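Encoded as structure tokens, the structure appears first; notes follow it.
Per chain, numbering begins at 1; letters A, B, ... match sequence-line order. Computed from a predicted structure; not experimentally measured.
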2 protein chains.
Amino acid sequence: MPNPTLSDVAQAAGVSYATADRVINNRGNVAQKSIEKVREAVTRLDYVRNVAAANLSRKRVYRLAFLIPKGTNAFFNRIKHHIASVAEQMSVENVSVDVFEVSAFSVDGLSDSISEFGQLDFDGVAIVGLQSESLEGPLVDLRSRGVKVIGLVSDLPREHRAAYIGIDNIVAGRTAARMTGLAHAGQAGAIQTFVGSMDARDHTERLDGFRAVVSEDYPQLDVLEPILTKDDPSFLYAQTTKVLTRAPNVTALYNVGAGNSGLVAAIGNQPAKRPFCVVHELVAHSRQALIDGHIDLVIDQRPDIEVNRAFTMLRALIDGRDLPPLPDLMPTIYVRDNLPADPLNQKTKDQN
Amino acid sequence: MPNPTLSDVAQAAGVSYATADRVINNRGNVAQKSIEKVREAVTRLDYVRNVAAANLSRKRVYRLAFLIPKGTNAFFNRIKHHIASVAEQMSVENVSVDVFEVSAFSVDGLSDSISEFGQLDFDGVAIVGLQSESLEGPLVDLRSRGVKVIGLVSDLPREHRAAYIGIDNIVAGRTAARMTGLAHAGQAGAIQTFVGSMDARDHTERLDGFRAVVSEDYPQLDVLEPILTKDDPSFLYAQTTKVLTRAPNVTALYNVGAGNSGLVAAIGNQPAKRPFCVVHELVAHSRQALIDGHIDLVIDQRPDIEVNRAFTMLRALIDGRDLPPLPDLMPTIYVRDNLPADPLNQKTKDQN
DNA sequence: CAGAAAATGATTGACGTCCATCAAATTGCA
DNA sequence: TGCAATTTGATGGACGTCAATCATTTTCTG
């Protein structure tokens, strides 16, 4: 009645424990006939290996790694923070975590990093990826070493990763557009968009999604050509100021990328009624701007959940388990009223 | 360097393994002096018991239970569905789960159920609670039996539960109001509210939050007195129809409670431009209504996440572990563009 | 200071798996 | 048929903890 053990399986299969063990851990030197008998018994008894006991026995340490873009980007700092926090918690369960910072958004840099990294001996790695065939070589190499690879936040080429954990950026852009449309209440308007780089796939996808919804459902709105910002706050500051002072017809601002501190500062300087304002990613700046009423909405991808799921997924992959069907990660909409308490600004409170 | 074992602790404390074991499992018959020596070593070495090994040894089975209101309410069906799904997954880890259906929203019924339930032998229970002193007796009894109790979705009296897992309904109401305010784009309007029962704390809290934000930030909006619906779809249908046909000044509808299928049906019958429309909880009806464009927003409390967290929390409480600081659960805003795939209507897909 | 009570140490067998070793049985092939 | 190769079985020691037993040692009490 309780979960069957491998001994039960062996008995049911009519072989010795040793043989059953050879089969399920495929150690070789087993006759095909025995393999089948054991397999049959496994499915019949619904045996699943007791991972806890197995780990205990072999003193397994899960060696996990994260490859994260280096730099001071607030969003990735938040990611790193979450990784560290979960990692600490996981150390009790024999999980070791290393974070490698790779040169941001450079295909060559990432490719090299993956190659170097491949020399090390990890069980699984979550990579903030890029779409490029030149990653193929290093990734194939990783797989051949038995390293489990997942894409995090930004996907890798589909064929070379076991899973992707992150939002669909088209959906994110659509969501931003939907909210912007609603906030116009049927009135006409013009939306100034800002984009970090037209080479960044997530940025262009958001923009595409945004445009699609506006043209589908809000034809009275005009999506202006995006201003290229390189995610630079000071540049955003200048450009936003210019828009606010010289383009009174603009009824909404939508920043697809980062650098929001500049945008917020520009708005803060403007006494008059401001346009409707949507940005991405809840970080210190955007959070404060919401509270101060300088912006209206933040579309967030919940990096905390993503990081958690990355750990869960990697462990499952490494164990060869399968996971229950997890719901897709969807962009979360924050207004000033449903902000989670800021973990950085509050004392870690007890959990009773 | 790896995690210290109890043997290490014993050695460091200068006592035998047996004594150290007596201390950490408080089996009694230990001198105060030894207790202190062991405690000191525990903190010094940063020992934490290997739960996997412990469970393996004692063949522990976590007996968990959920007390959920009985009935056909779509939201609680969703909750039950999630519980079953997670339970299946957990059975591998020696967790057994029972769901008890209690007569909905009746203090006496709940009180009786808890009392009966107390006779059984569970380790932990998550209860969809009510605020009432008459629950005190049964809950105290549970605690005295060593059963860990948490409130789920709707809280229990604070002193008699170890944790609450659910959203803050004032926040949920505030969020609904914020969105409604934005969707008016500065124009005046009147909002018809619907409430299931003025006795249901969650309903009144949402209403309070809603009213607060409107009066703070959207004075041009008029929150009309709520229509009492008893969460009855056919009643909601009739009332909604009446509002739509006879109150052209109404610019928004906000249903605090359940029974949305009636509301949606009424809107579907109405060819003309409809008011802005916000409801709570993403279930089959509300989901479809979003897709069909019959409503604009769903404020959801993510029962899947709540259920997951309930399991995590109960296990931690039972093990006497403490948890990493978990972020507060915040109401999630859904529009038609950021809906998660419907798990009920899609084949469970593989997770690669 | 003796005798009882309390505290401690030492040890052992689970739990389910991994991994290694060695002997025995079965097969293949010349 | 005989010898080697392959396949099996049996076993034992980890892993870290729980729980129990029994023999000692220490402490308390009259």
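Between A/R60 and C/dT17, a side-chain N or O to OP1/OP2 separation shorter than 4.0 Å is absent. Between B/S57 and D/dA19 there is no side-chain N or O to OP1 or OP2 distance below 4.0 Å. An OP1 or OP2 oxygen of C/dA6 is reached within less than 4.0 angstrom by no side-chain nitrogen or oxygen of B/N29. Phosphate contact (OP1/OP2 of C/dC19, side-chain N/O of A/R27, threshold under 4.0 Å): present. Of the side-chain N and O atoms in B/N25, one or more sit less than 4.0 angstrom from OP1 or OP2 of D/dC18. For A/Y17, no side-chain nitrogen or oxygen approaches OP1 or OP2 of D/dG12 to under 4.0 Å. Phosphate proximity of C/dG9 to B/T19: present, with a side-chain N or O under 4.0 Å from OP1 or OP2. Dashed line: the shortest gap from a side-chain N or O of B/R49 to OP1 or OP2 of D/dC18 is under 4.0 Å.
Ring geometry for B/F100 versus B/F122: interplanar angle over 60°, hence perpendicular rather than tilted (30 to 60°).
Considering only side-chain atoms of B/A18, the nucleotide from D/dG9, C/dA10, D/dC18 that sits closest is C/dA10. Checking C/dA10, D/dC18, D/dG16 against every side-chain atom of B/L56, the shortest atom distance belongs to D/dG16.
Per the geometry, CZ belonging to A/R22 stands 17 Å off P belonging to C/dT17, to the nearest Å. If you take CZ of A/R58 and C1' of C/dG16, they are 13 Å apart, rounded to a whole angstrom. Distance, A/I24 CD1 to C/dG16 P: 14 Å, rounded to whole Å. Atom CG of A/N55 and atom C1' of C/dC15 are 15 Å apart (whole Å).
Across all strands, B/A54 comes closer than 4.0 Å only to sugar-phosphate atoms, never to a base (heavy-atom distances).
Looking only at atom types and distance, the side chain of B/N25 has a donor-acceptor partner in the side chain of B/R49 under 3.5 Å away.
With the nearest nucleotide of DNA chain D identified for both B/L6 and A/A31, A/A31 has the one nearer the 5' end.
Using a 4.0 Å cut-off between a side-chain N of Lys or Arg and a carboxylate O of Asp or Glu, B/R63 and B/D98 qualify as a salt bridge.
Among all heavy-atom pairs drawn from B/V30 and B/R22, the shortest one is CG2-CB, 3.6 Å.
Results of the side chain to side chain contact (heavy atoms under 4.5 Å, CB included) test with B/V149 over B/I114, B/L314, B/V125, B/L317 single out B/V125 as the only residue that passes.
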